[in-house]
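These notes are about the structure you will find just below.
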Amino acid sequence: MPDPRHAGKDSERVSDRTFQVLGAIRELGDGPHALRAIVGRTTLSRSTVQRHIVSGIRNGFIRQPSHGHYALTEEPEDWTVPAHQALPASGARRQSLAALSRDSGHTASLHVAVLTDVPMQRCVARSEVADPPLLHGELGGARPLDADAAGHAILAHLALPHMDREQRQAIRARGWVSSPGPVAGTSMIAAPILRFGVPVGALSLTAPAEALRATLPHCVRSLRRAVTALSRADVQPAN
């Protein structure tokens, strides 16, 4: 009988392997690509990659235009990656947000990528230090990826027409991006959360424009540390 103490870790490894395969196909560029090339971009065995590719085809993430060759779906029916599968467990997310907010002195938010045929983002968690709170909007509402810095951070790692190649490369090289905030007079900076090269979300900091500008170098360092920690953390076990 399987040891229940290891069940969570097994689920986490399965999720990481899935993102490793998706990331490998993405890194190879516009497809299709031979199975051997995909395997070579991962640390996985050929049989493991094949299993995850079959699952990806079944769920609409991967297509097989010819025998033995695979590519990411160009217009997937549902590229939504549930937050509990793509990101660390809720406790780790809350701790990371609270630490980022305390360290920066500004409002920290977690955004999840919703990569459907109309790519969107959802703000699913927030940590406030301002009293009264700076942001009052309800969590969970969908916003376009080109609406703000959080969406731009995700877009920079996707080959979509919403952002040109030069802009994507500039954001990737910098590691973060800025924009006006969701409330008048505020600014936002954000950085992507990547799992094996796949953008599953973003972290953002929002503050009055002058306050963010005055603390920008420190805020960027805090933001980088936080997204690195979340990108490397174990994901929440699948239900």
Side-chain angles (χ1 to χ4, degrees), residues 6-88 112-121 145 153-169 171-173 175 191-202 227-239:
H6 302 309
K9 290 295 182 183
D10 289 343
S11 296
E12 291 163 7
R13 287 195 292 268
V14 168
S15 181
D16 272 358
R17 288 194 290 266
T18 299
F19 280 103
Q20 192 173 163
V21 171
L22 292 173
I25 299 174
R26 179 187 173 281
E27 289 172 3
L28 287 167
D30 294 337
H33 305 288
L35 176 62
R36 180 174 59 185
I38 298 170
V39 172
R41 287 272 182 163
T42 74
T43 60
L44 308 174
S45 68
R46 180 185 178 92
S47 61
T48 298
V49 172
Q50 282 181 311
R51 285 199 301 274
H52 285 272
I53 285 177
V54 169
S55 178
I57 292 173
R58 186 169 59 248
N59 287 280
F61 289 79
I62 297 171
R63 60 190 176 90
Q64 183 181 7
S66 61
H67 179 69
H69 289 75
Y70 308 93
L72 295 181
T73 306
E74 294 174 355
E75 295 183 359
E77 295 178 3
D78 187 2
W79 253 91
T80 304
V81 180
H84 72 276
Q85 294 182 12
L87 294 169
V112 172
V114 183
L115 305 181
T116 60
D117 55 345
V118 180
M120 305 288 281
Q121 57 163 308
L145 285 180
I154 295 168
L155 268 178
H157 294 268
L158 298 171
L160 294 174
H162 303 68
M163 180 179 289
D164 63 48
R165 183 184 181 88
E166 288 186 3
Q167 190 178 6
R168 286 201 302 269
Q169 290 177 337
I171 294 173
R172 287 189 190 186
I193 302 170
L194 304 173
R195 302 291 291 188
F196 299 101
V198 178
V200 297
V227 295
T228 297
L230 281 180
S231 294
R232 294 176 178 175
D234 288 333
V235 297
Q236 180 171 335
N239 293 330

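Small disclaimer: the values here were computed from a predicted structure and weren't measured. Note that these values count all heavy atoms, side chains included, but never hydrogens, waters or copies made by symmetry.
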Open item on the list: Applying salt bridge (charged side-chain N to carboxylate O under 4.0 Å, His left out) as the test, list every pair that has at least one member in residues 155-167; sequence neighbours left out.
Closed with: none
Open item on the list: Would you compute the distance between atom OG1 of Thr43 and atom CD of Gln20 and round it to the nearest 0.5 angstrom?
Closed with: 3.5 Å
Task: Any residue meeting side-chain contact (heavy atoms from CB on, under 4.5 Å) with Gln50, in chain and number order, not counting sequence neighbours - done: Leu35, Arg46
- [ ] Considering non-hydrogen atoms only, spot the tightest contact between Tyr70 and Ile62 and give its length.
- [x] CB-CG2, 4.0 Å
- [ ] Kindly give the heavy-atom pair with the smallest separation between Ala156 and Ile171, and that separation in Å.
- [x] CB-CG2, 3.6 Å
Task: Nearest atoms (heavy-atom pairs only) where Gly201 meets Ile154 - done: O-CG1, 3.7 Å
- [ ] Quick one: list whatever passes side chain to side chain donor-acceptor pair (under 3.5 Å) with Ser45, sequence neighbours left out.
- [x] Ser47, Thr48
Open item on the list: Just to verify, what does Arg41 make a salt bridge (Lys or Arg N to Asp or Glu O under 4.0 Å) with, not counting sequence neighbours?
Closed with: Glu27
Task: Backbone N/O of Met163 and side chain of Arg168: donor-acceptor pair under 3.5 Å - done: yes
Open item on the list: Restricting to non-hydrogen atoms, name the atom on Pro32 and the atom on Ala71 that form the minimum distance, rounded to 0.1 Å.
Closed with: CA-CB, 3.9 Å
Open item on the list: Going by side-chain contact (heavy atoms from CB on, under 4.5 Å), name the residues that satisfy it together with Leu194, two or more places apart in sequence or in a different chain.
Closed with: His157, Pro192, Pro199
Open item on the list: Quick check for you: to the nearest 0.5 Å, what is the distance between His52 atom NE2 and Thr42 atom OG1?
Closed with: 9.5 Å
Open item on the list: Rounded to the nearest 0.5 Å, what separates atom CG in Leu44 from atom OG1 in Thr18?
Closed with: 9.5 Å
Task: Contact summary for His69 and Ala34, nearest pair of heavy atoms - done: CD2-N, 3.5 Å
Open item on the list: Please give me the minimum heavy-atom distance between Gln121 and Leu145, naming the atom from each residue.
Closed with: CB-CD2, 3.8 Å
